[in-house]
Amino acid sequence: MLDINDELDALRGVGPSLSEKLSSQDIRKIEDLLFFLPIRYEDKTKLIKISDAIADQKNLTQGKVIDSKILFYGRRVLQVILDDGTERLKLRFFYFSNNQYKQLSYGKTVVCFGLLKKNGKNLEMIHPEYKILKDDETYRTEKTLSPIYQSINDVTKGRFRNLVKQATDILRNSKPSELIPNQILKEINLPDLSSSLIHLHCPPKTTSIKNIEDELAPYKERLSFEELLAYYMSLRKLKKLAEVTSASNLSKGQQGVENFIDSLEFTLTAAQMRVINDITDDLSKSQPMMRMLQGDVGSGKTIVAAIACLKAILNKKQAALMAPTELLATQHYESLSKLFKNYDVKISILTGSIKKPIREEIENSILAGEINLIIGTHALFQEGVTFNNLELIVIDEQHRFGVKQRVALREKGGSENKHAHQLIMSATPIPRTLAMAAYADLDTSIIDELPSGRKPIKTLIISNNKRDSVIERIKIACQNGQQAYWVCPLIDESENIEADSATKRYEDLLNKIKSIKIGLIHGRQKNLEKEKTMQLFKEGKIDLLVATTVIEVGVDVPNANMMIIENSERMGLSQLHQLRGRVGRGQKESHCILLYQLPLNSFAKERLSVLRDSNDGFHIAQKDLELRGPGEILGKKQTGLPNYRIADLSRDAYLMPKIQKSAEIMMKEFPENTNKIISRWLGPASVLGKV
Ligand code: ADP
Ligand code: MG
């Protein structure tokens with residue numbers, strides 16, 4: 001008998017190629033398939049008359065074809081008219097084969113499911129799903145609501161549903177997979193695992209599409225609870241592990257650090273000094289530092305990181321600084337090289353795009369200990385890189401790194417019982433309750449003031465149809481020696497489409513403003529090209545930089561004091577705040593113009609005005625959570641919270657007190673289940689089994 005802990009290929013119809021496609025979504029075991037929940041549900045339980053179909057909603061209906069033809073409106077359109085005696089329904093297809101056209105012929109009975117549009121008396125569905133019935137076949141409606149899953153590569157819907165069906169059958173028949181002890185289940189008053197999974201994949205007959213969200217909520221909550229519990233327990237274990245792990249004590253070099261601080265061209269803020277003290281205290285202990293540094297954009301975290309690295313280097317150890325993008329890694333490399341130019345520090349950069357021979361050379365000198373400070377992307381922690389005596393790891397802009405990465409990092413550095421110190425930096429402020437859930441393993445320091453002399457950024461919200469006057473304004477400002485960013489919208493997750501729209505805007509601006517120099521930077525360019533453009537912008541040889549959101553983190557050009565953000569209504573507040581933080585870094589007054597597309601609903605208006613009225617990242621992050629509408633996906637990756645499979649901290653944070661309590665009991669009384677739950681949700685993380 002199969003068990004949900006079995007590998008996926010135990011299911012009928014799963015071969016190597018399908019396994020590989022599914023593993024791209026972390027679906028490796030039957031159980032993983034079950035934790036891949038539907039994103040929504042559709043109602044195909046009732047076949048209704050065309051005249052009863054409801055507009056702006058999906059309907060299942062049927063009729064006889066009374067007309068079918070191909071029209072040419074600039075492009076080919078297949079138009080099919082159905083009639084069921086009550087009303088007529090027009091179906092339109094923009095993509096179709098000749099075969100499809102042939103089959104949808106006069107007299108056939110067609111069942112279709114799609115969004116109904118009503119235009120006066122005209123009823124229409126565009127690209128409905130459909131089935132042509134055989135003579136005297138009657139259509140069998142579904143018995144329950146149909147789950148719809150996010151599509152994976154090119155695994156067809158039918159195939160995926162079949163796998164889920166097999167998995168739920170196994171779940172119904174196999175021994176209980178419950179890992180949360182009864183005692184806790186009773187206490188939290190949530191349904192058990194099996195029934196939760198079954199309800200979510202196969203909603204009961206009595207559930208209607210109207211109240212499905214409410215009816216399924218407890219089952220979803222149950223799964224979120226378990227996932228957050230798994231993460232929380234793993235963080236607690238990481239913390240415990242750190243307490244029994246030793247680290248090099250980096251207490252020497254205090255004088256060197258003080259001299260360095262004195263030699264800076266600016267005075268550190270009191271907040272920066274306080275944080276540096278926290279860090280040097282940690283570094284002089286013999287347990288590894290596990291510290292998170294939060295500070296708003298522009299608060300000066302880089303210099304703090306540099307000082308931590310210097311401390312390690314003065315103790316004759318290696319330090320590594322990891323950034324989320326190559327652009328940011330390069331920038332850190334340049335600014336730290338400059339900072340340390342009078343010091344005996346050998347710095348190197350290692351990113352994915354560095355070619356093999358050079359890469360090997362760098363890897364060799366890292367291994368030999370000739371390099372003191374290594375800056376790079378996650379490529380730093382891939383195979384092939386072995387450090388000589390790495391004792392400090394700094395991670396910049398951590399919102400791209402989750403708990404899993406932190407576990408992996410631990411396994412990489414040091415030896416079994418000895419580890420490098422870790423400093424994790426984030427510009428995305430996280431409200432307290434959420435930080436407790438997501439970063440329970442870390443101590444926290446906060447930089448809560450900006451360097452003096454900064455003028456707050458003035459933010460304006462302007463409609464797209466005033467774009468020309470904005471262009472005029474930029475032109476005049478740039479002619480007067482100012483510099484600006486023009487940020488193109490985040491269209492979807494595709495870098496290509498984003499790059500295209502930026503290129504178009506660039507060409508358009510080139511046409512409209514001839515008197516200034518305009519540059520273009522986007523994610524599809526080669527790194528060398530990006531770096532060259534950035535360099536020219538830094539040197540003032542480019543006045544206006546058209547960019548995609550590649551510049552959203554870390555980019556630091558203090559002379560730039562204007563930013564235009566297109567389609568700002570589509571972005572998350574925290575992301576906009578990050579972007580806006582690219583200006584307001586110098587002594588000049590800065591402006592940020594948020595362009596929006598009409599019509600703007602009142603909700604979107606309120607969101608943007610939060611940004612206009614505040615420059616405080618903590619306040620904005622809080623509002624961002626409060627104003628997040630149901631089902632909203634805007635800037636999810638920007639919230640500073642990890643992406644869980646099922647849980648959403650901004651929705652589920654209220655579970656935290658229960659989770660903490662349950663974690664205590666689990667870890668003390670049910671160590672075996674604790675480990676099983678952790679590996680169910682985080683994968684087999686060997687280190688965590690040891691405490
Ligand atoms: P972030 O916290 O966003 O990473 P950065 O470290 O990039 O901020 O710092 C932003 C800018 O402020 C940089 O140009 C940096 O040199 C400058 N800076 C940092 N600390 C101070 C300070 N105490 N006084 C003046 N400027 C500072
Ligand atoms: Mg930074």
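These numbers were taken from a predicted model, which means no experiment stands behind them. Ligands are counted one by one from 1 in listed order, and the atoms in each one are counted from 1 as well.
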As an exercise, state the distance from CD1 of Ile307 to CD1 of Ile276, rounded to the nearest 0.5 Å. 3.5 Å
Looking at Arg274 and Asp448, does any basic side-chain N land under 4.0 Å from a carboxylate oxygen? yes
Within a distance under 4.0 Å of any heavy atom of Leu268, pick out the atoms of ligand 1 and give their elements. 23 (N)
Which value, rounded to the nearest 0.5 Å, describes the distance between Glu391 atom CD and His421 atom NE2? 6.5 Å
Go through the structure and list residues passing side chain to side chain donor-acceptor pair (under 3.5 Å) with Ser348, not counting sequence neighbours. none
How does Arg454 reach ligand 1, by side chain, by backbone, by both or by neither, if only non-hydrogen atoms under 4.0 Å count? side chain
Which of the ligand 1 atoms, numbered from 1, are nearer than 4.0 Å to a heavy atom of Gly300: 1 (P), 2 (O), 5 (P), 6 (O), 8 (O), 9 (O), 19 (C)
I'd like to know if Lys458 and Glu589 make a salt bridge, using a cut-off of under 4.0 Å between side-chain N and carboxylate O. yes
State the atoms of ligand 1, each with its element, that fall below the 4.0 Å cut-off from a heavy-atom position in Val297. 3 (O)
From the candidates Gln587, Arg585, Lys301, the one that places a heavy atom nearest atom 7 (O) of ligand 1: Arg585
With heavy atoms of Thr269 as the reference, note each atom of ligand 1 found under 4.0 Å away. 23 (N)
Pairs of nitrogen or oxygen atoms closer than 3.5 Å, one from Pro558 and one from ligand 1: do any exist? no
Has Gly295 got any heavy atom lying under 4.0 angstrom from an atom of ligand 1? no
Does a side-chain N-to-carboxylate-O contact under 4.0 Å join Lys530 and Glu326? no
Evaluate the side-chain hydrogen bond (donor to acceptor under 3.5 Å, both in side chains) criterion for residues Asn527 and Glu529: first the C-alpha distance (whole Å), next the side-chain angles of each, then the deciding distance (0.1 Å), finally the verdict. CA-CA 5 Å; Asn527 280 309; Glu529 192 177 352; over 6 Å; no
Quick note on ligand 1: atoms under 4.0 Å from a heavy atom of Thr302 include exactly 4 (O), 5 (P), 6 (O), 7 (O)
In Å and rounded to the nearest 0.5 Å, what is the CD1 to CD1 distance from Ile366 to Ile371? 5.0 Å
May I ask which of Pro451, Gly617, Gly581 has a heavy atom nearer to atom 27 (C) of ligand 1 than the others do? Pro451
Using a 4.0 Å heavy-atom threshold (strictly under), name the region of Gln272 that reaches ligand 1: side chain, backbone, both or neither. side chain
Under 4.0 Å from ligand 1, counting heavy atoms only, is it the side chain of Thr267, its backbone, both or neither? backbone
